Amino acid sequence: MQLYNTLTRKIEPIQPLKPPAVGVYTCGPTVYDYAHIGHWFNYIRMDLLIRVLQINDLKPLWVMNITDVGHLVSDADEGEDKLEKGARREGKTAWEVADFYTKDFLECMHHLNILTPDHIVKATEHIEEQTELIKMLEQKGYTYVIDDGVYYDTSKFPGYAAFARLDLDDQQAGARVQYNTQKRSASDFALWKFSPKDHKRDMEWDSPWGKGFPGWHIECSAMSMKYLGSTLDIHTGGIDHIPVHHTNEIAQSEAATGVRFVNTWMHGNHVMVNDEKISKSLGNGIRLQEIISKGIPAEAVRLHVLESHYRSHSKFSWESLEAANNRLKSYHAMADQKWQTTDVGLINDNDIKNIQTAIQESLSNDLQTFDALRHLSALETTIDTGGINATSQDAFNAFLLWIDATLGLCLSTGSDITDKQKELLEQRGVSRKTKDWKTSDMIRATLLEEGIDIKDSATQQRWSKRF
RNA sequence: GGCGCUGUGGCGGAAUGGUAACGCAAAGGUCUGCAAAACCUUUUUUUACCGGUUCGAGCCCGGUCGGCGCCUCCA
């Protein structure tokens, strides 16, 4: 299996340190607000990575963090913790805010059929691991203390800017934001922030440096290494994390351990809505709830995500989501054919096996999901034309189960029509032969009311269920 | 200001330099008792524009115009 590695900017084979185990760490949400469609695009892509590792006989151990403390808002003069700010906005404590949005996030993950990570780890439950890591960095001389916190001295880490391929000097020339002048360099970042003197935070802990809370970056280093060891096989996140968050993670982790932090970095690109980045200020962050309330299933969102490559600048629009939903409907109609095989069906075991192989190859080559769907659509068209041979019913059923496990769709979950409905269908067949169109149309209308669509082919009636 | 990405048909979205996948949508046709489906055709000689390299360019090079991202928190 191959994957594009941001570290080398090349597509490389995945070579786990301890196969078949593969350690995967995903930067999870900061739980101060609802997640939007852009987040879901990327979590679905990470979920897909896990599933594709599995079909390649690997055993991923998936860790995802929940940032529930320490993530600062952008305004330099304010520099407030997003959780504390959210709490003030909603008249709750930071703990309540974190709890609420964490639950909402996990619920949406379930709706989208995203696999549950083996470990979902919260920053607030790993304060000790984080302070231990800071201590280690302090002992090795990578830190310094100024009035608002303990900072990491990026100048002590050679090649700090290499991962993101940044030219720090040039960037500073045009920096848009003033930084704390006590910092030795603009790229230095907080490991531990002190609680403000004028008011009490909801979330704060004692530390060797004083009462306060951890910086945002340190949590991912501390928790990923706790659960997956000093070197991770794969680390994933959004593309925006490359220049700051992941660069800082590498600096902290490698300075502390002296070994390589991550072998393969996978980054999902941003999703554009109306050709603009999704942001709070533009108000274009569509929530999953909004999609579901319009009667579009979460499964269609997933299919929409699979239609583009994770490294491309994908676009989201209601129109393209509708297109994905229509495509999904035709896939479900195909799946319903598993109850309607015939002796003259053209599709056989071999065809099914070939399609499965082709899909696996596409996915294993840097997650070419769009190509996998191309193969699936080709099968769908052929089945629509030729039907499935009765001898291949089991093979087709197994294929649907495999597709669901691999792509996270729900094609195998459909049920057969009832005996009564089968009887009606048979009656309709008889009335069609005798050209009793009135009865035939009446039965079709009855079944349609029960959510069953009928299509007449030259040799048989085919049904598909609304879902 | 610096760094980087990008521009493919109505929409979405692929394409080691070799003659533009696939999905969705619309229109016409074949088929059909009707409807749907399926199939064929059209929208679609064409990859923002100009020039260059090449036997050959959507892919490489230069320029022009447009879009986007990062440098500040971000999936």
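Just so it is clear, the model here is predicted, and its values are computed rather than measured. Chain identifiers are assigned alphabetically (A, B, ...) following the order of the sequence lines, protein sequences preceding nucleic acid strands; residue numbering begins at 1 within each chain.
One interatomic measurement links the two molecules: CG of A:N269 to P of B:C5, which rounds to 13 Å at whole-angstrom precision. One can place OH of A:Y310 at 16 Å from C1' of B:A14, the figure rounded to the nearest angstrom. Straight-line distance from the CZ atom of A:R466 to the P atom of B:A36: 13 Å, rounded to whole Å. Summarising the geometry, the separation between CG on A:N365 and C1' on B:A14 is reported as 13 Å, rounded to the nearest angstrom. Distance, A:F316 CZ to B:C11 C1': 14 Å, rounded to whole Å. Rounded to whole Å, the distance from NE2 on A:H245 to P on B:C71 is 14 Å. For A:L328 and B:G12, the CG to P distance is 20 Å, given to the nearest whole Å.
Contacts of residues 366-378 of chain A with RNA chain B (heavy atom under 4.0 Å): A:F370, A:R374, A:S377.
For residues 1-14 of chain A, the pairs satisfying side chain to side chain donor-acceptor pair (under 3.5 Å) are A:Q2-A:N365, A:N5-A:E12, A:T6-A:H267, A:T8-A:E12, with sequence neighbours left out. Within the structure, the side chain to side chain donor-acceptor pair (under 3.5 Å) test picks out the following pairs touching residues 103-121 of chain A (sequence neighbours left out): A:D99-A:K103.
Annotation: salt bridge (Lys or Arg N to Asp or Glu O under 4.0 Å) contacts of A:D366 (sequence neighbours excluded): A:R311. A search for salt bridge (Lys or Arg N to Asp or Glu O under 4.0 Å) contacts involving A:E380 returns nothing, not counting sequence neighbours. By the salt bridge (Lys or Arg N to Asp or Glu O under 4.0 Å) test, A:K422 is found to be paired with A:D416, residues two or more places apart in sequence or in another chain being considered. Applying the side-chain hydrogen bond (donor to acceptor under 3.5 Å, both in side chains) rule to A:S155 yields the partners A:D153; only residues at least two apart in sequence or on another chain are considered. Partners of A:T124 according to the side-chain hydrogen bond (donor to acceptor under 3.5 Å, both in side chains) rule, which considers only residues two or more places apart in sequence or in another chain, are A:D68. Taking A:R287 as the reference, nothing meets the salt bridge (Lys or Arg N to Asp or Glu O under 4.0 Å) condition, with sequence neighbours excluded.
Residue A:M272 places its side chain closer to B:C68 than to any other of B:A36, B:G12, B:C68. Side-chain proximity of A:H39 to the nucleotides B:G12, B:C68, B:A75 is greatest for B:A75.
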*In B/S/- notation, 5' to 3', how is nucleotides 24-33 of chain B contacted by protein heavy atoms closer than 4.0 Å?*
SS-------B

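When heavy atoms are screened at a 4.0 angstrom cut-off, A:H313 is found touching the sugar-phosphate backbone but no base atom. Using a 4.0 Å heavy-atom criterion, one finds that A:H267 contacts no nucleic acid atom at all. Among the heavy atoms of the strands lying under 4.0 Å from A:G237 are primed sugar atoms or P, OP1, OP2 only; no base atom is included.
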Identify each atom pair where a protein N or O and an N or O of nucleotides 6-8 of chain B are less than 3.5 Å apart, giving names and distance.
none

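No hydrogens or angles considered: nothing links the side chains of A:S440 and A:S431 as a donor-acceptor pair under 3.5 Å. At a cut-off of 3.5 Å, with distance as the only test, a side-chain donor of A:R327 or A:S377 sits close to an acceptor on the other residue. When only modelled atom types and interatomic distance are considered, A:D404 and A:S412 share a side-chain donor-acceptor pair under 3.5 Å.
The ring-ring contact (aromatic ring centres under 6.0 Å, His included) test with A:W265 singles out one residue from A:H245, A:H246, A:H241, and that residue is A:H246.
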*Yes or no on ring-ring contact (aromatic ring centres under 6.0 Å, His included) for A:F100 and A:F105, after CA distance, side-chain angles and deciding distance?*
CA-CA 9 Å; A:F100 178 84; A:F105 182 83; over 10 Å; no

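For the OP1/OP2 pair of B:A14 and a distance below 4.0 Å, the side-chain nitrogens and oxygens of A:S312 include at least one atom meeting the criterion.
Side-chain atoms of A:R302 come within 3.5 Å of backbone atoms of A:L112 as a donor-acceptor pair (strictly under, hydrogens ignored).
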*Could you spell out the base pairing of RNA chain B in dot-bracket, with Watson-Crick or G-U pairs whose two distances are under 3.5 Å, [ ] crossing and | to another strand?*
(((((((..(((.....[...))).(((((.......))))).....(((((..]....))))))))))))....

